[in-house]
Amino acid sequence: MKLKITPVESLQGTITVPGDKSISHRAVMLGALANGKTEISNFLMGEDCLSTIKCFRAMGVDITENEGVVTVNGMGLTGLQEPKDVLDCGNSGTTTRLLLGILAGQPFFSVLTGDQSLRRRPMGRVTAPLNQMGAAFAGRQNTSLLPLAVTGGNLKAIKYKTPVASAQLKSSILLAGLFADGETMVEEPAKSRDHTERMLQRFGAQLKVDGCTTTVMGKPKLKGQKFSVPSDISSAAFFMVAAAIVPGSNVTIKGVSLNPTRNGIIEVLQKMDANISIINKQEEAGEPMGDIRIRGGTLKGTVIDGAIIPRLIDEIPVLAIAAAVAEGKTIIKDAAELRIKETDRVATTASELAKFGVDVQEQPDGMIIEGGKPMSGAVCQSHGDHRIAMAMAVAGMVASGETVVQDAEIINISFPGFDKTLKMLINN
Ligand code: S3P
């Protein structure tokens, strides 16, 4: 599918974006391991979360969906069954890495694989600690690439210092820790998103969080829950940036997750002089949320680096569009992790932005963008990466002439209905 974008006069209106991807995955996983029923509304019906549902169904979990409400009939901590076939995680790194943690604790054999992109992504960061806990893996390049075979069970608790601030890695170890006796401790170099911790607590696990160190007590009795998933700030990000860079825009995005480990984009856009305010602050599913209102204006370049990076890692492609429009230079650094996402997002963001005539220099751990020059429409590739496709659609809104985003169906990974939401804001 091709997405065609022409310059927009302004974006106006109030929208909602789909449920948070990270929270939706975790809700299914903990729901499956809990006793009793878990009812999740505003669940993200994107392809990544559907991959998680498919994998858990293959392990005997009854999961149903009715009008956006997903019901998981929990099997208890020891109820999963050996899957009869290879578990396909599709494009989803979160499904794979968190599931590896859970499979490490199962007294059965399983095999995981994924699509071409996922089969290139590093899994050794997860198999190393899980192996220390007692799980056995077989796979290419010393168990660092999918497909991976797992023989789990009989885990022992460990204390582990992660080499990178990765929520998928931290969560994988914490989930494996549920199946070990005693306390499993994970320390990370900077704080990554904490949805696993919040949700484990909600489901009744015993957890201690002290700065960047999290400790979980093994063998809890988890209890099914009922909650609604806040909307995903990583999906809202595309419309936040679009509204901020199109003069005269006035957009409100309702019920967005404002988890402090995820809201770095708000701070950066404010530093760039964007006009953003938060209203109607509430809490749902143990997560802070609120409405985000953005008005169009003039942005200035900035530096994005250090501890804020894990708090906005998925938003960097679209922040690069804000930087291209902003007056002056923007430097993005300390973001080498971007190179091992669904695509090498340093390379794909830089190469696609260059097609619009943007002055962008790729760096080993980020990029330097000289903003403020007029952009001209381009024919862009999604590279099979949902966030690259949507970021380029945002660029098309401020570039002269027509922009075409090729292979745009990949957007369904995280944001089904992206084009409809965009049309609503244009036609208001
Ligand atoms: C995620 C963690 C992040 C993020 C990804 C979702 C999660 O990945 O980029 O989109 O749900 O835990 P890393 O753990 O690799 O940083």
Side-chain angles (χ1 to χ4, degrees), residues 17-30 40 43-44 46 48-49 52 92-101 121 125-126 160 162-175 177 186-203 205 207-216 227 229-237 240 256-268 283-290 292 304 306-319 334-335 337-338 340-342 345 386-387 413-415:
V17 297
D20 187 273
K21 183 151 81 70
S22 295
I23 298 175
S24 295
H25 282 298
R26 287 157 171 84
V28 169
M29 293 182 181
L30 293 191
I40 316 151
F43 184 86
L44 170 62
D48 268 11
C49 298
T52 293
S92 175
T94 307
T95 307
T96 312
R97 297 202 178 101
L98 272 58
L99 192 51
L100 281 168
R121 298 181 66 186
R125 54 175 59 183
V126 174
Y160 196 77
T162 65
V164 281
S166 157
Q168 292 176 356
L169 171 54
K170 170 179 64 179
S171 301
S172 186
I173 302 166
L174 292 175
L175 290 171
V186 185
E187 187 186 333
E188 40 181 359
K191 191 145 176 97
S192 65
R193 63 190 67 190
D194 64 358
H195 304 298
T196 302
E197 295 89 307
R198 287 172 187 259
M199 202 173 292
L200 275 170
Q201 271 164 333
R202 188 180 171 91
F203 275 78
L207 203 88
K208 280 183 284 188
V209 181
D210 180 10
C212 293
T213 304
T214 309
T215 309
V216 70
F227 54 86
V229 177
S231 293
D232 198 327
I233 192 165
S234 298
S235 296
M240 288 165 68
V256 181
S257 162
L258 297 172
N259 182 310
T261 61
R262 294 283 302 281
N263 64 4
I265 184 172
I266 298 178
E267 275 170 49
V268 166
E283 212 180 284
E284 177 62 50
E287 297 271 352
M289 64 181 226
I292 303 177
I304 309 173
I308 202 165
I309 294 289
R311 297 174 50 220
L312 48 65
I313 189 75
D314 293 341
E315 288 66 75
I316 291 178
V318 76
L319 280 170
D334 305 324
E337 279 288 300
L338 270 187
I340 52 167
K341 295 294 176 187
E342 285 82 331
R345 286 183 176 157
H386 53 128
R387 300 204 196 281
I413 288 287
S414 65
F415 198 157

Q) Which pair of heavy atoms, one from Ala237 and one from Ile265, lies closest together, and at what distance? A) CB-CD1, 3.6 Å
Q: Check the side chains of Thr52 and Thr95 for a donor-acceptor pair under 3.5 angstrom, ignoring hydrogens and angles.
A: yes
Q: Starting at CG of Leu169, measure out to CD of Glu188 and round the result to the nearest 0.5 Å.
A: 8.0 Å
**Q.** Side-chain heavy-atom pair Ile292, Ile266 within 4.5 angstrom cut-off
**A.** yes
Q) Less than 4.0 Å between a side-chain N and a carboxylate O, is that true for Arg193 and Asp20? A) no
(Q) Any side-chain to backbone donor/acceptor pair from Arg97 onto Ser172? Under 3.5 Å, distance only. (A) no
Q: Could you please spell out the steps behind the side-chain contact (heavy atoms from CB on, under 4.5 Å) verdict for Val256 and Met240?
A: CA-CA 11 Å; Val256 181; Met240 288 165 68; over 6 Å; no
Q | Residue pair Ile308 / Arg311, side-chain heavy-atom distance below 4.5 Å | A | yes
Q) What residue among Arg262, Lys21, Arg387 forms side-chain hydrogen bond (donor to acceptor under 3.5 Å, both in side chains) with Ser234? A) Arg262
Q.
For His195 and Ser22, which I'm curious about, is there any donor-acceptor pair between the side chains at under 3.5 Å?
A. no
Q) In Å and rounded to the nearest 0.5 Å, what is the CD1 to CD1 distance from Ile304 to Ile316? A) 6.5 Å
Q.
For a quick test of reading the model, state the closest non-hydrogen atom pair linking Gly19 to Asp232 and the distance between them.
A. O-CB, 3.7 Å
Q | Test item: Arg26 and Leu98 side chains (from C-beta on) under 4.5 Å apart, heavy atoms | A | yes
Q | Shortest non-hydrogen contact between Ala167 and Ser171, atoms and distance | A | O-OG, 2.5 Å
Q: Drop me the distance from Cys212's SG to Glu187's CD, to the nearest 0.5 angstrom.
A: 7.5 Å
Q. Between Glu337 and Arg125, is there a side-chain N and carboxylate O pair less than 4.0 Å apart?
A. yes
Q) Heavy atoms, side chains only, cut-off 4.5 Å: are Met29 and Thr196 in contact? A) no
Q. Where the side chain of Ser235 meets the backbone of Phe415, is there a donor-acceptor pair that is under 3.5 Å apart?
A. no
Q | Ser231 side-chain N/O to Val17 backbone N/O, donor-acceptor pair under 3.5 Å | A | yes
Q: Could you give me the CA-CA distance, side-chain angles and deciding distance for Lys170 and Asp194, then say whether salt bridge (Lys or Arg N to Asp or Glu O under 4.0 Å) is met?
A: CA-CA 9 Å; Lys170 170 179 64 179; Asp194 64 358; over 6 Å; no
Q. Ala190 and Pro310: which non-hydrogen atoms are nearest, and at how many Å?
A. CB-CG, 4.3 Å
Q: Report yes or no: do Asn259 and Thr261 form a side-chain donor-acceptor pair below 3.5 Å?
A: yes
Q.
Quick check for you: to the nearest 0.5 Å, what is the distance between Asp314 atom CG and Glu342 atom CD?
A. 7.0 Å
Q: Find the distance between CZ (Arg121) and OG (Ser92) and round it off to the nearest 0.5 Å.
A: 8.0 Å
Q | Check: Val28 and Phe43 side chains under 4.5 Å, non-hydrogen atoms | A | yes
Q.
When you compare the side chain of Leu175 with that of Val216, does any pair of heavy atoms fall below 4.5 Å?
A. no
Q. Considering only heavy atoms from C-beta outward, does the side chain of Gln168 approach that of Thr94 to under 4.5 Å?
A. yes
**Q.** Shortest non-hydrogen contact between Leu44 and Pro18, atoms and distance
**A.** CD1-CB, 3.6 Å
Q.
Can you give me the closest heavy-atom contact between Arg198 and Gly286, atom names plus distance?
A. NH1-O, 2.9 Å
Q. About how many Å separate CG of Asp48 and OG of Ser24, when rounded to the nearest 0.5 Å?
A. 10.5 Å
Q. Within a strict 4.5 Å, meaning less than it, do heavy atoms of the Glu287 and Arg202 side chains meet?
A. no
